[in-house]
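A, B, ... follow the sequence lines: proteins, then strands. Residue 1 opens every chain.
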Amino acid sequence: MAQRAAQTRRETLIAGMASFAAAAIAPSLALADAAAVEAEIKKLYGDRKAEAGRIKLDVPQIAENGLVVPINVEVESPMTAADHVKSVHVFADGNPLPGIVSYKFTPESGRAAASARMRLAQTQNIICIAEMADGKLFTAKSEVKVTIGGCGG
Amino acid sequence: MVSRREFIQAGLAGSALLAGSGLGSIGRLAAQQRLSEAELLRFEPLGNVTLIHVTDLHAQLVPVYFREPSINLGVGEAKGLVPHITGKDFLAHYNIPAGSPMAYALTSEDFAALARNYGRMGGFDRIARVIKGIRAERGDRCLLLDGGDTWTNSWTSLQTKAADVVEAMNLLKPDAMTGHWEFTLGAERVKEITDSLPFPFLAQNVRESEFEDRVFEPQKMFERGGVKVAVIGQAYPYTGIANPRWMFPKWTFSLKDDDVQKEVDAARAAGAQLVVLLSHNGFDIDRKMAGRVKGIDVILTAHTHDALPEAVQVGTTLLVATGSHGKFVSRLDLDVDRSGVKGFRYRLIPIFSDAITPDAEMAALVKKVRAPFEADLGRVLGKTDGLLYRRGNFQGSLDDVFTDAMLQVRDAEIALSPGVRWGGSLLPGQDITFEDVTNACALTYPNCYRTSMKGSQIKAILEDIGDNIFNPDPYAQGGGDMVRLGGLTFTVDPYQTSGRRISDLRLARNGQALDAGRDYTVAGWASINQATEGPPIWDVVGTYLQQKKVITPRPLDAVKVVGAG
Amino acid sequence: MSNKPTPRVRVPASAKKDEIIEIKTLISHEMESGQRRAADGKTIPRKIINTFTAAFNGKVFFEATWHPSVSANPYQSMFFRASESGEFAFSWKDDDGSVYESKAKLTVA
């Protein structure tokens, strides 16, 4: 066929819908899992229990780009000297390493809220844990889907 | 004798005569006589605001045949609900007689036969006529809103970088629009056009990716019929996933209830008595959003191409679904006072091109913008002896033409064709022109690649796309239909979880199971990756059609759907 | 690697007393994760910015520890309760010991 010869020309090997985000980030290393995240939290807080609530974890349900996934965390708190959020740790259970970011807040922060952007190797859970001035812990979890994309319409 | 006004009652059904007598007794002429423009436009006005909605025109300036899907599965909470009802079930649900004009317009039942009777639908000149008619009647109460997917996916639009459609739309004088495929013109061109539009391009969910600055106005307040109406724009939230992000690398899209709520609250604070979300989310996302964001009166839906003859109510929010390709114009009359919406009347107006007089000014403009391309558009590439269409969750006879073309012309073992929901239909016996082909593939990233993929990669792609369509949470759905496969057969269980939907992948030519570890030669088009190489898909399909001459569609049995949920 | 990381900060120039203001920061940096391999199969060594601090009139009010999963050209936003006029000092600490800084003045009316 006429176009057969043209095929010998070097054509891009980027497959149509197959740019796997994981390949861009971590081609060979084992990925973390839920247990790895639990172990990290245990390192920080031992056996102290964390409650659900107070945290608003804002991540997209589907990542637009696995290399740049926005994450906004806000913890409900008056942020006074007596009652404020001390720290927030963010983990992911499907990346090469479980840690994403850790924040230290002060009453001068005014609001215990911060936004950053992260790389996600695959569809996975984002877990965050917040420690209050009185030592109470709160936790929240949300899944982010990392997709190959394309074909929409 | 049944009087004329009964033939199309309240924008819904056909006549008892038509229903009772089946197809045999009506010819094309009789059918057209029963479709009078006056009846199509008949509407008992209500209240002080009229919303006119057009959407997903996909740059179709002239009338088309467009067959609605026979398979459009709903998952999760949407299972069994409109718009996930098709064919006879749809007709029964809305009490539409089989064989009636609305049965033809809204379903796939007897499509080829009814198409011969009722003719093509849409066309900017007919749409203009209908809109002018409504405006003449309703004066300053009207707001014309365009839901997007307007500027792209025709040959003339591709050649003029949408200048043809933009000029035609400007003549319709919309009050606002939002978008999705528009972005595939590239950020620079989109900005160039939107900066020059005589109306706002609204998109509260598009931000510059560094500091999250707004790219477009989020909303606009209008005063119509003495009512303050806020229109909030919501662009397709997954544009950056479904389409090539490299074409608008500095823009980021989002789907956030909180952001929409902020806009609604701001609109109310500014005195809005009526809040309209001009949305390109897609119907299922909009239905979910209507239950989560408080204070939206009307959502004008788009993207998923659903055409529903009645507005859907979620709490106090009305959802309108206007279909695609210019087949319909929605008219929603609202009675609004200080305390809100008191009443509404809705009609999905079918644009039967043989029954509606073309607006002369628009017809002249359409002729002018098409003139330089007429020779190309009319070039006959082949003929079909069966019905060719695209819509449906898994397969379309027109998609088979595309995948067969890629397998043959690109000498591939497997072909992938995107599950887009645009592209007209062709009737048995019809010539296939270059315009017909490009109406189904004119986009700005048309290269038909040829590459090698492992069996496991192909399975992963199918699972990924399957989850984009059948994830039970609409916010986790990426839109569109399933990727079309050439050279492969498979079984799909839409109600399974991600990674478990696709099974029994086999090569169509010999029935052999797809080998996860083997490399296969794969051809495809509409890759979202930059620098994809290969001839444009219309050349590939054109070459194939010229070799093949006559297309005989085969049974669509390559995908076996299992699982009742 | 060739370009020196450049910070960019968006902070209001003025605020009312006790107003809570949002601060947005960006810095150009590849954030090499230490988990990628070069064409020759060798792991590309980790080089990220590991700490970001925001201080006002010399007192740190927000600190972030960044791990290798933080995206290239890292973005960080945070809030601050304005109490008096003064100067912000933002700093980014690199794995290689470099510290990148940016300052901004705030007038409290």
With sequence neighbours excluded, residues passing ring-ring contact (aromatic ring centres under 6.0 Å, His included) with C:Phe56: C:Phe80, C:Phe88

Crowded around B:Arg500 CZ? As in, over 12 foreign heavy atoms under 6.0 Å? no

Which residues share a side-chain contact (heavy atoms from CB on, under 4.5 Å) with B:Ala203, sequence neighbours left out: B:Thr178, B:Phe201, B:Asn205, B:Val206, B:Phe216, B:Ala235

With sequence neighbours left out, write down each residue that passes side-chain contact (heavy atoms from CB on, under 4.5 Å) with B:Lys161, or none if nothing qualifies.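 So B:Lys161 forms a side-chain contact (heavy atoms from CB on, under 4.5 Å) with B:Arg189.
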
Report the donor-acceptor contacts between chain B and chain C below 3.5 Å as a table, one pair per row.
residue  : atom : partner : partner atom : Å
B:Glu210 : OE1  : C:Arg8  : NH1          : 3.0
B:Glu210 : OE1  : C:Arg8  : NH2          : 2.8
B:Glu210 : OE2  : C:Arg8  : NH2          : 2.7
B:Phe211 : O    : C:Lys24 : NZ           : 3.0
B:Asp213 : OD1  : C:Arg10 : NH1          : 2.9
B:Asp213 : OD2  : C:Arg10 : NH1          : 3.3
B:Asp213 : OD2  : C:Arg10 : NH2          : 2.7

